[in-house]
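Take a look at the structure set out below.
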Amino acid sequence: MLGLFFVEKTMRESWRWFGPNDPVTINDIRQTGATDIVSALHFIPAGEVWSIDAIREHQALIENAEAGLTPLKWSVVESIPVHEDIKLARPGHQMYVDNWIASMENLAKCGINTLCYNFMPVIDWTRTDLDYRLPSGAYALRFDQEKFAAFDLFILQRDKADTEYTREEILVAKQIYDAMSEAERGELTENIIAGLPGKMADSYSLDDFRTMLSNYSDVSHDSLRGNLFAFLSQALPRAEALGVKLAIHPDDPPRDMLGLPRIICTSADLELLFKTLPSPSNGITLCVGTYGSRPDNDLPVMAKQFAARIHFSHLRGVSRDSVEQRSFYEANHLDSDIDMIAVIKELLSEEKRRRQADSDSGEIYIRPDHGHQMMDDIGKAVNPGYSAIGRLKGLAEIRGVIRALSGDQSELVS
Ligand code: DNO
């Protein structure tokens with residue numbers, strides 16, 4: 001009888017921890033049932049080497065549990081920032097490439113082998129609203145294209161921005177801008193250029209921001225892509241030798257913005273990446289919510305197409321506005337525009353395939369990405385998107401799906 005209830009353990013449940021200042025503590029995370037931690041040395045400025053001592057110290061904070069408590073493991077790094085000079089291939093950038101590789105080597109020496117990173121110029125992920133009220137009374141993150149245009153055109157007043165919007169879009173943006181109070185304009189600016197934890201080390205004033213953007217005025221998609229490939233052609237051979245898996249995170253939202261080229265947004269972008277650099281260490285973070293905020297990305301299809309390249313996955317749902325499809329809010333993990341169950345099915349099939357092939361590419365780390373601010377989360381200081389209860393709800397739902405689908409794995413892998 002007992003055998004009936006035996007379910008093979010699949011997918012590594014991980015949880016992001018921002019370090020000792022994260023209001024969600026390691027002991028809180030332990031209670032969620034997640035087994036693995038996703039973290040980074042956010043206090044080290046972009047471009048500097050992560051020393052073995054600094055890594056070990058952070059690792060001890062995560063892994064040294066009180067006797068009797070379930071241990072947690074720091075398994076995934078998110079992220080070692082890629083210095084802007086590498087993205088721009090500026091003279092002298094080789095030092096930053098060497099430092100990035102040295103950090104990767106030090107992490108590998110400490111047993112941390114899965115590494116998420118991104119190649120977004122200037123800004124990391126971006127939202128316009130950090131407390132968008134849902135009908136349930138909980139709060140979500142939202143990207144509002146019209147508000148974003150109001151920021152770009154009338155607050156930032158970016159050079160040539162008006163050539164990138166239609167007349168109609170400019171009119172709507174102006175109405176939105178006019179209706180905003182000074183405080184609301186300040187908050188929008190803060191949210192876009194200074195606020196989110198993905199770019200903890202970098203926040204800018206409006207002037208610095210304009211300067212940073214102008215560095216890219218002559219950088220085309222092809223040249224940015226060339227710079228990514230040049231960086232990876234140095235990092236990947238070392239990663240392969242060390243058994244490290246690199247997992248590039250998509251550009252969020254996945255399209256050009258603020259006149260910046262963005263190059264990891266679609267299946268075609270990934271096809272080109274792997275055609276150019278087929279190394280088995282060259283992989284992706286399947287950020288379901290990011291890719292899913294474009295209507296032309298079909299997530300279950302992408303999960304299948306790139307299955308062998310997925311080392312890490314952020315599970316999160318988005319609902320796009322019906323008319324302006326570039327605007328979205330972060331919906332419930334299972335109820336959004338994305339068929340999350342179909343995505344999870346693909347990930348489980350891939351894990352099964354790896355087990356059958358006895359492949360060393362191993363299990364896929366997943367984490368509940370972002371969560372609503374709800375119940376006791378409300379009113380607490382949280383890193384936007386990274387509240388405890390909202391994420392726990394997401395994890396619990398995802399865990400249920402995984403468990404249900406894992407019961408009969410014979411149907412997986414078609
Ligand atoms: C947002 C995150 C991003 C991500 C980086 C990865 O919640 O998914 O900040 O950590 O872009 O490099």
Side-chain angles (χ1 to χ4, degrees), residues 14-19 22 24 37-42 44 46-47 50 74-84 86-87 100 103-104 107 112 114-130 140-143 191-203 228 231-232 235 245-255 257 260 262-265 269 273 283-293 299 310-318 328-331 333 338 365-373 382-388 390-391 394-395:
S14 66
W15 185 281
R16 191 173 196 181
W17 183 61
F18 287 102
D22 192 329
V24 185
I37 295 289
V38 175
S39 198
L41 303 186
H42 293 285
I44 300 186
W50 295 11
W74 182 13
S75 302
V76 180
V77 167
E78 182 174 350
S79 309
I80 309 180
V82 177
H83 196 278
E84 287 296 303
I86 299 179
K87 297 175 201 162
W100 200 95
S103 299
M104 172 176 79
L107 285 160
I112 304 166
T114 303
L115 223 160
C116 167
Y117 69 103
N118 72 72
F119 214 75
M120 288 177 249
V122 186
I123 41 172
D124 198 295
W125 63 301
T126 305
R127 298 289 180 271
T128 53
D129 300 83
L130 307 185
L141 305 181
R142 173 170 161 83
F143 184 87
N191 291 348
I192 294 172
I193 72 173
L196 296 176
K199 50 176 187 235
M200 273 170 127
D202 287 325
S203 61
L228 168 64
F231 162 67
L232 284 177
K245 311 272 167 26
L246 300 186
I248 195 162
H249 187 283
D251 306 336
D252 180 7
R255 58 174 182 271
M257 44 205 323
L260 296 167
R262 312 251 267 181
I263 54 171
I264 303 291
C265 303
D269 292 337
L273 172 67
I284 62 168
T285 297
L286 183 74
C287 183
V288 170
T290 302
Y291 284 115
S293 49
L299 263 296
I310 301 172
H311 302 313
F312 182 33
S313 184
H314 291 172
L315 300 180
R316 156 168 81 79
V318 291
F328 60 86
Y329 74 92
E330 301 195 357
H333 286 71
I338 300 159
Y365 293 95
I366 50 138
R367 70 172 178 80
D369 195 19
H370 304 174
H372 295 155
Q373 232 180 315
V382 289
N383 287 311
Y386 290 91
S387 62
R391 272 187 297 166
L395 176 62

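Every number for a ligand or one of its atoms is a count from 1 in the order of the listing. No hydrogens, no waters, no symmetry mates; every other heavy atom, side chains included, goes into these values.
Neither the backbone nor the side chain of Arg316 comes within contact range of ligand 1; no heavy atom lies under 4.0 Å. Counting heavy atoms under 4.0 Å from ligand 1, residue Asp124 touches it through the side chain alone.
Not a single donor-acceptor pair under 3.5 Å links the side chain of Thr290 to the backbone N or O of Asp251. With hydrogens and angles disregarded, no donor-acceptor distance shorter than 3.5 Å links the side chain of His333 to the backbone of Arg391. At distances below 3.5 Å, at least one donor-acceptor pair connects side-chain atoms of Thr128 with backbone N or O atoms of Arg142.
Side chains of Glu78 and His249: a donor-acceptor N/O pair is absent below 3.5 angstrom, by distance only.
For His370 and Trp125, the distance between ring centers is under 6.0 angstrom.
Close approach of ligand 1 to His314 (heavy-atom distance below 4.0 Å) involves ligand atoms 8 (O). Below 4.0 Å from some heavy atom of Met120 lie the following atoms of ligand 1, by number and element: 11 (O). Those atoms of ligand 1 with a heavy atom of Tyr386 less than 4.0 angstrom away are 1 (C), 2 (C), 7 (O).
Ligand 1 lies within reach of Cys116, whose nearest heavy atom is under 4.0 Å from it.
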